[in-house]
Protein chains: 2
Amino acid sequence: MSLRHALLGLLAEGPASGYDLTKQFEGSLMQWAWHTTHSHVYPELRRMTEDELVEVVATASRGRKTYGITDPGRQELRRWLLADPLTEEAVRSEAALRMFLLGNLEPAEAIKILQDYADRTTQRLETMQAQINQAPAQWRDNPFAVGRLVAERGLRTLPAVRDWALWCIEQLSQAQRPS
Amino acid sequence: MSLRHALLGLLAEGPASGYDLTKQFEGSLMQWAWHTTHSHVYPELRRMTEDELVEVVATASRGRKTYGITDPGRQELRRWLLADPLTEEAVRSEAALRMFLLGNLEPAEAIKILQDYADRTTQRLETMQAQINQAPAQWRDNPFAVGRLVAERGLRTLPAVRDWALWCIEQLSQAQRPS
DNA sequence: CGCGACATGTAAATAGTTACATGATTAT
DNA sequence: ATAATCATGTAACTATTTACATGTCGCG
């Protein structure tokens, strides 16, 4: 139930509406840590209100409801952040799965997919770098800022991923497919 | 519905039972590409049989049923592997999410979590390296072997992840937390 | 004969996606 | 006025997890 903690974490920075929170997911969170949609966010906020982890602190036009984190909410966030050492991430990546099964294609087909992947990885890296450069120094120079550390993670892992894809292409080009 | 394709991909290598397939997930697939449990595998195999993507090719003692991929199954696997360029992975990583929200803890607490994470990453890298070294050369030297390319991905991304965690620790140690 | 690994399943609950549905406000 | 964006929700479906449940075979 990590959506709940993601929302608590964002609300710990300050009050926000379901709409705002959804936008934050679409911004950076989605790319690096967690993905969701408004259809899941709204009901979850309602349940969290029932559980008294958040509360409606303001209502505005267009039915906008601003939520704030409560004390029990902060406690729960802290509890979760400090909980058991991250038991190893039950990874679920469609990209990795395809890579796993690439041997089922002809070398030329596999190479094309890897090349696309490498290209898109390079683009993603460039976009990230640009985003970081354009961000206010206040965020860029503050390791406590939400998402700052995770952004750096992208800068450091994407090149490794790209190099891996290029290495794969080399291997597949040289190899004769064994029967 | 990638579990279906994961199963097709594994069955493309040769017939196997639900039990065998679950074990394969617990082995390498789980760590890098996809995670599942037998409770999901068995019903999915039944549905895939109904859809004629796989068929029972043998039954043995203890109720063991060996499944084989059918021609439509191979077609579907191929279709999926060649489908639309991997639209960017809707990431969902509890580890990354915690990192995202680490700013909510005291620096010392955050540093401890990052240090644990770095340590576990190092261990994981060592384990992987050992696994690859111990694997038969037949697998190690064949880029078409199932999981061979993905294993290499681990070797190349884990050091970047570890270095990232260490970098974070440095940042947090130096920084004064802004109000 | 008893234990561990083999082997398969179902049921109940939770989580997540996609499609449907509605309406208000703001800028052009 | 009309389009874009703001803003919220529900419904139906699919996927996933956890717990329950059962029984077999081979080895010591």
Side-chain angles (χ1 to χ4, degrees), chain A residues 1-8 10-11 15-27 29-30 33-51 53-67 80 84 87-94 97, chain B residues 1-8 10-11 15-27 29-30 33-51 53-67 80 84 87-94 97:
Chain A
M1 214 191 335
S2 293
L3 172 60
R4 173 164 290 210
H5 298 107
L7 293 171
L8 284 175
L10 294 176
L11 288 174
S17 66
Y19 187 84
D20 298 335
L21 294 164
T22 304
K23 289 289 159 195
Q24 284 197 59
F25 274 95
E26 284 167 9
L29 247 183
M30 189 179 195
W34 210 258
H35 169 253
T36 195
T37 57
H38 78 270
S39 302
H40 204 185
V41 169
Y42 289 119
E44 187 62 28
L45 284 170
R46 188 176 45 67
R47 280 191 295 269
M48 288 165 77
T49 308
E50 283 162 18
D51 296 345
L53 300 172
V54 299
E55 59 189 355
V56 176
V57 294
T59 54
S61 56
R62 289 184 260 203
R64 179 187 171 96
K65 278 185 265 183
T66 304
Y67 289 88
W80 175 78
D84 356 277
T87 53
E88 222 31 85
E89 320 165 40
V91 178
R92 210 169 251 146
S93 155
E94 196 175 326
L97 181 58
Chain B
M1 215 193 332
S2 292
L3 171 60
R4 173 164 290 209
H5 297 107
L7 293 171
L8 283 174
L10 294 175
L11 288 173
S17 67
Y19 187 84
D20 298 336
L21 293 164
T22 304
K23 289 290 160 195
Q24 284 198 58
F25 274 94
E26 284 167 7
L29 247 183
M30 188 177 194
W34 209 259
H35 170 253
T36 194
T37 58
H38 78 269
S39 302
H40 203 186
V41 168
Y42 290 118
E44 187 63 27
L45 283 170
R46 187 176 47 67
R47 280 192 294 270
M48 288 166 78
T49 308
E50 283 162 18
D51 295 346
L53 299 173
V54 300
E55 58 189 355
V56 176
V57 294
T59 55
S61 55
R62 290 185 254 201
R64 180 187 170 94
K65 277 184 265 183
T66 305
Y67 288 87
W80 175 76
D84 356 278
T87 53
E88 221 32 82
E89 320 165 37
V91 177
R92 210 171 251 145
S93 155
E94 196 175 325
L97 180 59

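The structure presented is a predicted model; accordingly, all values stated were derived computationally and were not measured.
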*Ignoring hydrogens and angles, does a donor from either the side chain of Thr36(A) or the base of dT17(C) sit under 3.5 Å from an acceptor on the other?*
no

*Establish whether the base of dT8(D) is bridged to the side chain of Ser17(A) by a donor-acceptor pair shorter than 3.5 Å.*
no

*Does the side chain of Arg92(B) get closer than 4.0 angstrom to OP1 or OP2 of dA15(C) through an N or O atom?*
no

_Between Glu50(A) and Arg47(A) (salt bridge meaning N to carboxylate O under 4.0 Å), is one present in this structure?_
no

*Provide the closest heavy-atom pair for Met30(B) versus Phe25(B) in the form atom of the first, atom of the second, distance.*
CB-O, 2.6 Å

*Within the side chain of Ser2(B), is there an N or O that forms a donor-acceptor pair under 3.5 Å with the backbone of His5(B)?*
no

_Minimum-distance nucleotide (side-chain atoms of His38(A) versus dT8(D), dT16(D), dA19(D))_ = dT8(D)

*Among dT8(C), dG16(C), dA19(C), the nucleotide that comes nearest once only the side chain of Arg64(B) is considered*: dT8(C)

*For Leu11(B) and Ala16(B), which heavy atoms make the closest approach, and how far apart are they?*
CD2-N, 3.6 Å

*Has the side chain of His35(A) got a donor or acceptor atom sitting under 3.5 Å from an opposite partner on the base of dG16(C)?*
no

*Consider the side chain of Leu3(A), meaning its heavy atoms from C-beta on, and name the nucleotide among dG9(D), dG16(C), dT17(D) that approaches it most closely.*
dG16(C)

*If you look at every heavy atom in Glu44(A) and Arg4(A), which pair is closest and at what distance?*
OE2-NE, 2.8 Å

*Can you pull out how bent the helix from dC1(C)-dG28(D) to dT28(C)-dA1(D) is, comparing the axes over its first five and last five pairs, to 10°?*
20°

All N/O contacts under 3.5 Å from nucleotides 26-28 of chain C to the protein, with atom names and distances to one decimal?
none

*So, the side chain of Asp51(A) versus the backbone of Met48(A): is there a donor-acceptor pair under 3.5 Å, distance only?*
no

*Does dA5(C) have OP1 or OP2 sitting under 4.0 Å from an N or O in the side chain of Lys23(B)?*
no

*Looking only at side-chain atoms of Lys65(B), point me to the closest of dG9(C), dA7(D), dT18(D).*
dG9(C)

*Phosphate-side-chain proximity, Tyr19(B) and dT8(C), N/O vs OP1/OP2 below 4.0 Å*: no

*asked:* Apply side-chain contact (heavy atoms from CB on, under 4.5 Å) to residues Leu21(B) and Tyr42(B) and explain how you reach the verdict.
replied: CA-CA 10 Å; Leu21(B) 293 164; Tyr42(B) 290 118; over 6 Å; no

